[in-house]
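Structure record follows, encoded as structure tokens.
Reckoned from all heavy atoms, side chains included, excluding hydrogens, waters and symmetry mates. Please read all numbers here as calculations on a predicted model, not as lab measurements.
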Amino acid sequence: MAARPSRKSTTKRKSSSRRATSAKKRPAAAPTVPTIPPGQRVWLLELPWGGLGGGTPAGATYYKSLTAHAYVGTALPSPLEPYASKPYSYLRWLEDELNGSVGPGATAAPMRLRPEQRADVDAIVAAAQRQFRQVHLANDVGTGKTLVAVAAAKAIANMRGARTILVTVDRPARITIPSWRRSIAALGNEDLCDDDLRWIIMSSDSLGKLMARNGRPRLKVDVAVIDEAHQFRHASKRTSYMRRLTRMDGPHEKSPFVLTITATPGHHPGEWGYLSSLFAQVHDDPPTRWADFGRALAERGVPLETSYGKWTWTAEARESLPLQQTAISDVRDMLLRHDPPLMLTRSAPWGPPPFDVDLVELTPDQWRAYELEWGDFQREMHLARTGNNVARGLAALVRLRQKASMIRVEHTVAAAKAELERGYQVLIATEMVSTAAHPVAELLEADGIPVARIYGSNSQAESERMRFQRGEAPVVVFNTPTAINLQAHEQFADGTFATDTPRRGFFHQARYSGLLAEQTMGRAHRNHQVCAWSLLI
């Protein structure tokens with residue numbers, strides 16, 4: 001008589017049987033990347049969230065590993081063409097890698113370097129030839145730093161036999177990225193430039209896409225252009241990504257060439273940390289010795305100290321403007337007076353923007369409303385200081401600014417209308433949206449004046465900018481202080497130009513940061529176009 005199987009063996013056979021059955025029913029794992037048949041190619045698509053019409057279009061498949069939809073075929077269907085990857089984008093980079101060939105670049109009307117721009121390119125290339133790892137371009141706002149950077153990056157990449165150039169830009173990316181794309185294409189015919197290069201233009205907020213799970217870069221950068229470098233003056237994720245992508249803490253001889261750009265490097269030298277590796281090279285130190293940039297400067301006598309985790313002026317320096325200016329000059333001159341120069345600071349030939357303060361006469365009712373808010377503010381600030389409650393103080397400050405901003409809306413609108421009658425196109429700079437930008441724009445439009453709106457999460461920022469630049473909207477209300485062009489007679493990618501109408505600017509709200517105020521005025525006061533500005537108070 002056969003022995004009965006044990007309960008354990010029976011359970012084992014049933015489990016094995018269930019696993020086999022489950023394996024038969026389980027669908028095959030989805031491919032991580034598209035399969036490309038011979039004679040076809042893949043297009044990566046920038047579809048809106050949720051797809052088109054609430055669903056994924058026929059033929060397109062979402063790939064989680066790429067975080068993008070893809071279409072495989074011999075030609076991209078016309079309904080999908082608007083969503084094709086853009087030249088020099090990271091999505092196009094991935095697409096080229098999958099296809100094993102480089103897709104077409106951008107096109108734009110040719111632009112030529114002015115003599116002073118050519119001189120700056122030569123100076124940057126000379127530093128790269130001497131094996132310096134970085135140059136800082138600090139020319140005045142509106143002097144054409146973008147064209148200088150593109151020409152220099154191309155020349156250095158060709159000189160070194162490199163191919164990959166990373167450009168990081170500031171927000172709004174829907175304006176800044178197309179602007180850089182246009183500049184790269186516009187200099188394609190320059191003698192010193194060869195277009196057989198691979199560019200990646202990315203917002204600084206998107207740099208995490210270039211990092212693998214292990215924290216290392218997904219690609220090897222040969223040349224990096226860091227626009228609006230003051231974005232990286234504090235410790236943050238974006239700063240960490242930028243430092244790793246450019247190998248700032250690595251050996252000088254193995255680093256990519258880095259060109260940092262900003263006319264407003266920081267409020268004090270301790271915020272110039274994006275130059276730490278260059279200072280290390282100048283002092284013949286390992287980069288890690290300068291990684292904590294403020295500490296390295298303080299050890300060398302610069303009057304800096306830490307406060308809430310950030311470097312700032314010492315108490316003595318805060319009370320002495322000459323001491324601050326001397327410290328700034330000493331640090332800057334280490335690069336500016338170096339042979340070859342490692343910092344370029346060209347002043348704008350058309351001078352600084354004319355600036356004045358315009359006083360607003362409030363009505364009796366407005367004065368009463370303001371004085372009530374001012375009294376509430378004083379009371380809240382006293383309580384915040386007594387209790388050492390920083391959040392309460394900040395909340396009181398924001399409330400006061402909001403209320404004061406609302407009170408002055410009609411005065412800003414009146415000033416703008418007066419300048420329109422004098423033949424100007426008007427820029428109105430704000431910081432807040434719901435209590436500044438929005439009510440100003442709505443009151444102007446209520447009077448029948450078209451307004452271009454560049455603020456908030458406006459996905460049509462570039463089309464709004466073009467409405468103003470082409471004169472379709474005589475007023476622009478904006479809160480973007482950097483990287484957009486609102487000047488008269490700007491040349492567009494198709495070779496046409498913005499209106500010649502002179503610009504006039506108003507600050508509806510003052511900026512706390514002098515850096516951002518200077519950058520804001522440079523949106524229209526640039527490239528030999530003068531724009532006067534007023535602060536309404």
State whether [X] and [Y] are salt-bridged, where the test is any N-O pair (Lys NZ or Arg NE/NH1/NH2 against Asp/Glu carboxylate O) under 4.0 Å.
X: Lys86; Y: Glu46; answer: yes
X: Glu271; Y: Lys310; answer: no
X: Glu305; Y: Arg318; answer: yes

Is the side chain of [X] donor-acceptor paired with the backbone N or O of [Y] at a distance under 3.5 Å, no angle test?
X: His508; Y: Thr412; answer: no
X: Ser255; Y: His252; answer: yes
X: Arg503; Y: Leu427; answer: no
X: Ser203; Y: Asp205; answer: yes
X: Gln425; Y: Phe468; answer: yes
X: Asp96; Y: Gly103; answer: yes
X: Glu464; Y: Arg453; answer: yes

For [X] against [Y], the heavy-atom pair lying closest together:
X: Arg160; Y: Phe132; answer: NH2-O, 4.0 Å
X: Ala291; Y: Asp249; answer: CB-OD1, 3.9 Å
X: Pro287; Y: Arg133; answer: CG-NH1, 3.7 Å
X: Ile175; Y: Arg465; answer: CG2-CD, 4.0 Å

Stacked cation flag Arg198 on Trp93, 6.0 angstrom / 45 deg: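 Relative to the ring axis of Trp93, which defines the angle, Arg198 lies inside both limits.
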Lys/Arg cation over aromatic Phe506: Arg504, 6.0 Å, 45° cone: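 Satisfied, under 6.0 Å and within 45°.
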Arg233 side, atom CZ; Thr264 side, atom OG1 - distance, nearest 0.5 Å: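 Answer rounded to 0.5 Å: 8.0 Å.
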Qualifying salt bridge (Lys or Arg N to Asp or Glu O under 4.0 Å) pairs, either residue in residues 276-296, two or more places apart: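 Non-adjacent pairs meeting salt bridge (Lys or Arg N to Asp or Glu O under 4.0 Å): Asp285-Arg289, Asp285-Arg300, Asp292-Arg295.
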Side chains of residues 139-149: which donor-acceptor pairs under 3.5 Å do they make with residues two or more places apart or in other chains?
| residue | atom | partner | partner atom | Å |
| --- | --- | --- | --- | --- |
| Asn139 | OD1 | Arg346 | N | 2.7 |
| Asn139 | ND2 | Asp120 | OD2 | 2.9 |
| Asp140 | OD2 | Ala348 | N | 2.9 |
| Thr143 | OG1 | Asp140 | O | 2.7 |
| Lys145 | NZ | Asn139 | O | 3.2 |
| Lys145 | NZ | Asp140 | O | 3.2 |

